[in-house]
Amino acid sequence: MKLKLFTVLFLLSGYVQAQNLTIIPQPKSIINGTGQFNFNNHATVSVSDTSLLGLAGYLQKEISQTKGLTLTVSNNEAAGAINLVLANTPQTTGSYTLNVTTDRITITSQSKEGIFYGLTSLLQLVKDQQRDNDGDLCITTCNINDAPRYPWRGLMLDESRHFFGKEKVKQLLNWMAYYKLNRFHWHLTDAQGWRIEIKKYPKLTSIGGASNYSNTSAEPQYYTQDDIKEIVAYAAARFITVIPEIDMPGHATAANKAYPEFSGGSVAGYPNFTFNPANEHTYQYLADIIKETNALFPAHMIHLGGDEVAYGIKAWSLDTAIAHMMQKMEFEGVTDLEHYFFKRMADTVTNMGSKVLAWDEATGANLPADKTIIFWWRQNLPGQLHLALQKNYQVVLCPRLPLYFDFEQDSQHVSGRKWNGVVNRITDVYNFPDRQISPDELNSKQIIGVQANIWTERIASEKRLDFMLFPRIAGLAEAGWTAPEQKDEFAFNERLKSDLKNYDSAGIYYYDPFDPSYHPEAIDFAPRVIEPTTPKHSRHTLKKSHVKASKKSKKGAKKSSGASGKSHKKRK
Ligand code: TNX
């Protein structure tokens, strides 16, 4: 009996300790201790190898900024209370151990990346603690053993529809690092704006960059090549790889505004949506663009888009030069030509020594399996995922449901997208992919990870960007990092509550799933213009039902009319 009582008390004390260890994403294993390590101004960070000095400096800077403590950095391993140690044991990339005893903190990994993730976990532990009367920070002893589930833990930001700029992107990269996300997919070109400086074709930014989704005559907004280098370096210091997307042959309207000679023509609703596949100069022009782009991104991965070409492709059937080419090449339909175009541009990328990344439409384009990564986004077409795996492509899972963060996260919300009334709640993001993807496919090594995509047609301000991203980004982190057997949604929600406080102190305008009325204005951040691609008759439906939905949600009605779902259904 006594023993039982003791066990219960012991477990309870362990539970209390565990509650203090609020790390997101949840590590593989945590053993809680009962002692305390005191962080103070005299603490020294020492490294086993001078190549780790940069990481020691990163910890020093972060602790100083968040807690006002001044740590000393030393390369004498014996000197430190906090030790960063590169070990020789082969491990999964990114894995680490973090051992906190009463007198030492040791982070060990085979790679700098792993040490960085150990530091990230340590910083999350420290963040939750207040300094005591002596100015010390006390953290509970523990032993953490951790490794990521997937190597690709991505976030895509669309800056064509609305441009957010360097400072916002850096803030985003900070939060990605906080959550151990490691791939930033940068959607830099689309119909509404071209956002990357290409020196050989300056009109791409001066003309193509002068517009956005809300304002078709905005001042040019774009990243210079120096800005891009700065962002890439900022991300690299946080072990985040940046991948640019130059979308083709569709979603090319902004480029075609600048250089109409390469346009593939117009159809109603989709003016100059594609590049011209029958003009030989188009291929050279795009190769020049890719060459300048490739030089800016050391990861040597170029996303070529390839999505939704079908919207503009009818213009191809109307063009005599294109018809002539199709005849000559014995193509049966415009889709063959689309694949021919895509394969040629993909060859350009691989000939530069880079990998080609593309949306799942490209699965049909006969790209080289060992040099291509497919992004499966159309959750309503699971066949595309099967096909991509069958063709031996590496695949990133980013299905619209539940990983499109331009979709609403609460059925009461009205300004974002919905899919037949379905929204992407944080619980759906958290539980991805295990409830949605078959075990056979999940076991495939070709699935290299998960990614959330934040399209910005309906996101015109930083505040709304935050609202759509937080806290779903935390659910994404755990979907990408934490092994399924370690996932526990109840415990995640407890840890999330503590992160919401961190959002408050960082001034993040977030959606609170535990109190949906918190930060209410963002619910009704309606887009200022209606999508140009929406057919005329449904524009009225959208407008009217939107107003209705807003009124309803103000009255606290349980269900919104899903206005955006209607227009979305029409479009896709
Ligand atoms: C589809 S996902 C698109 C984007 C839109 C998005 C809106 C994809 C490859 N294409 O152009 O912004 O839907 O949810």
Side-chain angles (χ1 to χ4, degrees), residues 154-164 185-195 212-214 243-255 269-270 273-274 302-313 338 342 356-365 373-381 384-385 388 395-409 413 415-424 429 450-460 464-465 468-469 472 527 529-534 542 562-572:
L155 186 68
M156 188 221 77
L157 175 68
D158 165 14
E159 286 210 85
S160 171
R161 273 60 178 262
H162 285 106
F163 183 84
F164 298 93
H185 170 173
W186 213 358
H187 188 77
L188 288 166
T189 73
D190 210 300
Q192 287 75 10
W194 183 281
R195 310 295 180 202
N212 64 48
Y213 200 88
S214 311
I243 298 103
E245 181 181 348
I246 309 289
D247 207 342
M248 61 183 73
H251 290 273
T253 322
Y270 294 90
F273 187 73
T274 61
I302 305 281
H303 201 299
L304 288 184
D307 57 312
E308 300 183 322
V309 186
Y311 287 132
I313 218 166
E338 174 189 335
F342 208 75
V356 181
L357 282 56
W359 300 112
D360 66 50
E361 284 89 336
T363 308
I373 304 177
I374 294 291
F375 287 65
W376 179 62
W377 68 280
R378 293 178 295 177
Q379 87 295 335
N380 53 324
L381 299 180
Q384 288 296 112
L385 172 61
V395 176
V396 173
L397 304 173
C398 52
R400 207 163 17 196
L401 298 181
L403 294 183
Y404 271 25
F405 287 0
D406 55 329
F407 277 53
E408 292 297 10
Q409 54 202 316
H413 296 175
S415 309
R417 288 185 187 280
K418 292 183 173 82
W419 182 265
N420 294 339
V422 176
V423 299
N424 290 336
V429 178
V450 299
Q451 177 170 299
N453 298 332
I454 181 147
W455 302 99
T456 58
E457 290 98 328
R458 295 163 190 238
I459 301 174
R464 182 157 167 82
L465 185 65
M468 300 305 271
L469 206 53
R472 286 188 288 194
V529 294
I530 304 298
E531 281 175 69
T533 53
T534 309
L542 179 76
S564 43
K566 266 187 202 160
S567 75
H568 190 75
K569 204 169 115 194
K570 279 222 151 63
R571 207 185 144 214
K572 298 271 142 54

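Everything numeric here is computed off the predicted structure, so don't read it as measured data. Counting starts at 1 for both ligands and their atoms, in listed order.
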**Asked** How close do Phe375 and Cys398 get, heavy atom to heavy atom, and via which atoms?
**Response** CB-SG, 3.9 Å
**Side chain, backbone, both or neither: the part of Phe375 lying under 4.0 Å from ligand 1 by heavy atom** = neither
**Fill in**
Near Arg161 (heavy-atom distance under 4.0 Å), the atoms of ligand 1 are 5 (C), 11 (O), 12 (O)
**Prompt:** For Tyr404, is at least one N or O under 3.5 Å away from an N or O on ligand 1?
**Reply:** no
**Request:** Please test Arg464 against Glu408 for salt bridge (charged side-chain N to carboxylate O under 4.0 Å, His left out), starting from the C-alpha separation and ending with a verdict.
**Result:** CA-CA 11 Å; Arg464 182 157 167 82; Glu408 292 297 10; 3.5 Å; yes
**Prompt:** His187 vs His251 aromatic rings, parallel, tilted or perpendicular, using cut-offs 30° and 60°?
**Reply:** perpendicular
**Message:** Need the ligand 1 atom indices (1-based, order shown) with element for anything under 4.0 Å from a heavy-atom of Glu457.
**Reply:** 5 (C), 7 (C), 12 (O)
**Item:** Check: Arg417 N/O within less than 3.5 Å of ligand 1 N/O
**Value:** yes
**is_close_aromatic(His185, Trp359), centroid dist under 6.0 Å** = yes
**Asked** Is any N or O atom of Trp455, backbone or side chain, closer than 3.5 Å to an N or O atom of ligand 1?
**Response** no
**Asked** Hey, looking at atom 3 (C) of ligand 1, which of His251, Glu308, His187 has the closest heavy atom?
**Response** Glu308
**Message:** Quick check on Arg400 - does any of its heavy atoms sit under 4.0 Å from an atom of ligand 1?
**Reply:** no
**Prompt:** Between Arg458 and Asp406, is the closest basic N to carboxylate O distance under 4.0 Å?
**Reply:** no
**Message:** Does the residue Glu361 have a heavy-atom contact with ligand 1, meaning some pair of atoms that are separated by less than 4.0 Å?
**Reply:** no
**Prompt:** For ligand 1, which atoms have a heavy atom of Asp406 less than 4.0 angstrom away?
**Reply:** 7 (C), 14 (O)
**Asked** Between Gln451 and Trp377, do the side chains contain an N or O donor and an N or O acceptor separated by less than 3.5 Å?
**Response** no
**Fill in**
Which of Thr253, Val309, Ile313 passes side-chain contact (heavy atoms from CB on, under 4.5 Å) with Phe273? It is Thr253
